[in-house]
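The structure under discussion appears below in the form of structure tokens.
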There are 2 protein chains.
Amino acid sequence: MYEKYVKLLKDHNLKITSPRLEILKYLDEHHTHPNVEAIYSSLKKKHPSLSRTTVYNSLETMEKNRIVQSLTISGSEHRYDLNKSLHHHFLCTRCGIILDIDIACPNMDKTLQGGHHVEEVHGYFKGICKNCQKKEKGWRTNG
Amino acid sequence: MYEKYVKLLKDHNLKITSPRLEILKYLDEHHTHPNVEAIYSSLKKKHPSLSRTTVYNSLETMEKNRIVQSLTISGSEHRYDLNKSLHHHFLCTRCGIILDIDIACPNMDKTLQGGHHVEEVHGYFKGICKNCQKKEKGWRTNG
DNA sequence: ATACTATTTTGTAATTATTACAATTTAGTT
DNA sequence: AACTAAATTGTAATAATTACAAAATAGTAT
Ligand SMILES: [Mn+2]
Ligand SMILES: [Mn+2]
Ligand SMILES: [Zn+2]
Ligand SMILES: [Zn+2]
């Protein structure tokens, strides 16, 4: 059940703890780019002893180890993602959904002008998602 | 002195007020991608009646009107920029500087997969800037 | 299996950035 | 000069995150 998460942690010489395993499982099963509160309140149900601070701590540790990734696309809170292959993100300003955008990024693995060393690349798009566009069309009955 | 900022505001049917003009001037003269606190504390010296809330309000209004742009690259606070032509940003995780990155963005003006309508594009790079790399090299005397 | 210890978890108390709100002021108009 | 909608201001509230110290635990050594 948790073997893959155990391996992930072991590979980074991190201790195997329940909060870490549960957070990884949650992220693996919810590709919604949840914030700390969403992760915490969901896991809290099954693990009442869980502390919000632990969610912050665990995510920080796992982010430093590049196991998870934090997105600043929303501007008000960090959103989390399992750190699989590089991909970009789209935030719908209507419904708030954050979608994966799998486009080739020609700017990755490129030494930036001026010789800056790049360790992270974030591509954020914002606009109105397909679904919300559909809704708006449907509501307009004339014009 | 302020003609260009007056014009910017007039073109968007926004009232011409001292705080707005001063903020625009500040951003025009400081390409540091300052946060609210930096803008506020700097302007406060010459305009003691300025309120922090006004800086927030003004920036919000001008952002809605696409006169300024807010960056979420730092993750803890919004950084502001005059909204000139599209460019990306590099955050040095050592010294905190935020630099403009002028690379062509082939993902702009493109209908995203799934038909999402794109209104904003943010390209954030994080790593170690040229300058900080130089420093680190200099300090190592052997190896 | 037991003991040990560095690390992690936990709960609470700060801190920081931002927003809400109501009173006052002001820009643009009449 | 008078009017009014909008902007500014100061303060109070909120939301996200961090600081911290005590309790618990994972991994290791005995
Ligand atoms: Mn993602
Ligand atoms: Mn810029
Ligand atoms: Zn949507
Ligand atoms: Zn640097």
Side-chain angles (χ1 to χ4, degrees), chain A residues 2-3 5-24 26 33-41 43-65 67-68 70-80 96 98, chain B residues 2-3 5-24 26 33-41 43-65 67-68 70-80 96 98:
Chain A
Y2 291 90
E3 305 85 22
Y5 314 123
V6 170
K7 181 172 175 1
L8 253 181
L9 294 171
K10 276 204 172 131
D11 287 349
H12 289 85
N13 298 307
L14 296 178
K15 289 193 175 172
I16 316 302
T17 69
S18 301
R20 288 171 182 175
L21 292 174
E22 294 297 335
I23 290 169
L24 288 175
Y26 184 89
H33 310 96
N35 60 12
V36 165
E37 200 54 32
I39 299 169
Y40 169 72
S41 64
L43 298 184
K44 183 83 175 173
K45 292 172 198 159
K46 296 231 171 185
H47 305 270
S49 76
L50 179 66
S51 162
R52 189 179 275 104
T53 301
T54 298
V55 179
Y56 277 101
N57 290 342
S58 299
L59 287 169
E60 183 187 22
T61 300
M62 295 194 287
E63 188 185 1
K64 276 182 184 150
N65 282 270
I67 295 173
V68 304
S70 108
L71 310 179
T72 61
I73 192 169
S74 103
S76 66
E77 53 187 3
H78 288 246
R79 298 299 207 99
Y80 291 88
I98 297 178
Chain B
Y2 291 91
E3 303 84 22
Y5 313 124
V6 170
K7 179 171 175 5
L8 254 181
L9 294 172
K10 276 206 173 131
D11 287 351
H12 289 84
N13 297 309
L14 296 178
K15 287 193 177 173
I16 316 302
T17 69
S18 301
R20 288 172 182 176
L21 292 174
E22 293 298 334
I23 291 170
L24 286 175
Y26 185 89
H33 309 97
N35 60 13
V36 165
E37 200 54 31
I39 298 169
Y40 169 72
S41 64
L43 299 184
K44 183 82 175 173
K45 293 172 199 158
K46 296 233 171 182
H47 305 271
S49 77
L50 180 66
S51 162
R52 189 179 274 104
T53 301
T54 298
V55 179
Y56 277 101
N57 291 341
S58 299
L59 287 169
E60 184 187 22
T61 300
M62 295 193 288
E63 188 186 1
K64 278 184 184 148
N65 281 271
I67 296 173
V68 304
S70 109
L71 310 179
T72 61
I73 192 170
S74 102
S76 66
E77 52 187 4
H78 288 246
R79 298 299 207 99
Y80 291 88
I98 297 178

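Note that these values count all heavy atoms, side chains included, but never hydrogens, waters or copies made by symmetry. Bear in mind that the values here come from a model prediction, so they are computed numbers and not experimental data. Just so it is clear: chains get the letters A, B, ... in the order the sequence lines come, proteins before strands, and each one is counted from 1.
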[X] [atom1] to [N] [atom2], straight-line distance once rounded to whole Å:
X: B:His12; N: D:dA6; atom1: NE2; atom2: C1'; result: 18 Å
X: A:Arg20; N: C:dT8; atom1: CZ; atom2: C1'; result: 7 Å
X: A:Leu21; N: C:dT8; atom1: CG; atom2: C1'; result: 13 Å
X: B:Leu59; N: D:dT8; atom1: CG; atom2: P; result: 11 Å
X: A:Leu9; N: C:dT7; atom1: CG; atom2: P; result: 16 Å
X: A:Asn13; N: C:dA6; atom1: CG; atom2: P; result: 18 Å
X: A:Tyr40; N: D:dA15; atom1: OH; atom2: P; result: 16 Å
X: A:Glu37; N: D:dA15; atom1: CD; atom2: C1'; result: 10 Å

Note to self: Quick one: does any side-chain atom of A:His78 pair with a main-chain N or O of A:Ser70 as donor and acceptor, under 3.5 Å?
What the structure shows: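 It does not hold such a pair.
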
Check: For residues 50-65 of chain B, which residue pairs qualify under salt bridge (Lys or Arg N to Asp or Glu O under 4.0 Å), counting only residues two or more places apart or in two chains?
Finding: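 For residues 50-65 of chain B: B:Glu37-B:Arg52, B:Glu60-B:Lys64.
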
Margin query: Looking only at side-chain N and O atoms, does A:Glu22 offer a donor or acceptor that is under 3.5 Å from a partner on A:Tyr2?
Written below: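 There is such a pair between these side chains.
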
Checklist line | Contact pattern, 5' to 3', of nucleotides 18-30 of chain C - B, S or - by protein heavy atom under 4.0 Å | finding: BBB------BS--

Next item on the list: List for me each residue that meets side chain to side chain donor-acceptor pair (under 3.5 Å) alongside B:Ser74, sequence neighbours excluded, and say none if there are none.
Entry: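 So B:Ser74 forms a side chain to side chain donor-acceptor pair (under 3.5 Å) with B:Ser76.
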
Notebook entry, point to check: Who passes side chain to side chain donor-acceptor pair (under 3.5 Å) against A:Ser18, sequence neighbours left out?
Noted result: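 Result, side chain to side chain donor-acceptor pair (under 3.5 Å) vs A:Ser18: none returned.
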
Check: For the helix from C:dA1-D:dT30 to C:dT30-D:dA1, what angle lies between the axis at the first five pairs and the axis at the last five pairs, to 10 degrees?
Finding: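 Nearest ten degrees gives 30° for this helix.
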
Next item on the list: Assess whether atom NZ of B:Lys10 is packed by more than 12 heavy atoms of other residues, nucleotides or ligands within 6.0 Å.
Entry: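 Counting neighbours around NZ of B:Lys10, 12 or fewer heavy atoms of other residues, nucleotides or ligands fall under 6.0 Å, so no.
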
Notebook entry, point to check: Within a reach of under 6.0 Å around NZ of B:Lys7, are more than 12 heavy atoms found that belong to other residues, nucleotides or ligands?
Noted result: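 It does not: B:Lys7 NZ has 12 such atoms or fewer within range.
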
Item checked: Set of residues satisfying side chain to side chain contact (heavy atoms under 4.5 Å, CB included) with respect to B:Thr54, sequence neighbours excluded ->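 Checked B:Thr54 against side chain to side chain contact (heavy atoms under 4.5 Å, CB included); matches are B:Pro19, B:Leu50, B:Ser51, B:Ser58.
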
Next item on the list: Look at all strands and tell whether A:Ser49 reaches a base, only sugar-phosphate, or nothing, counting heavy atoms closer than 4.0 Å.
Entry: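 Counting heavy atoms under 4.0 Å across all strands, the contact made by A:Ser49 is with sugar-phosphate only.
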
Check: Looking at A:Pro34 and A:Tyr26, what are the two nearest heavy atoms and their distance?
Finding: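 It is CG-CE2, 3.7 Å.
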
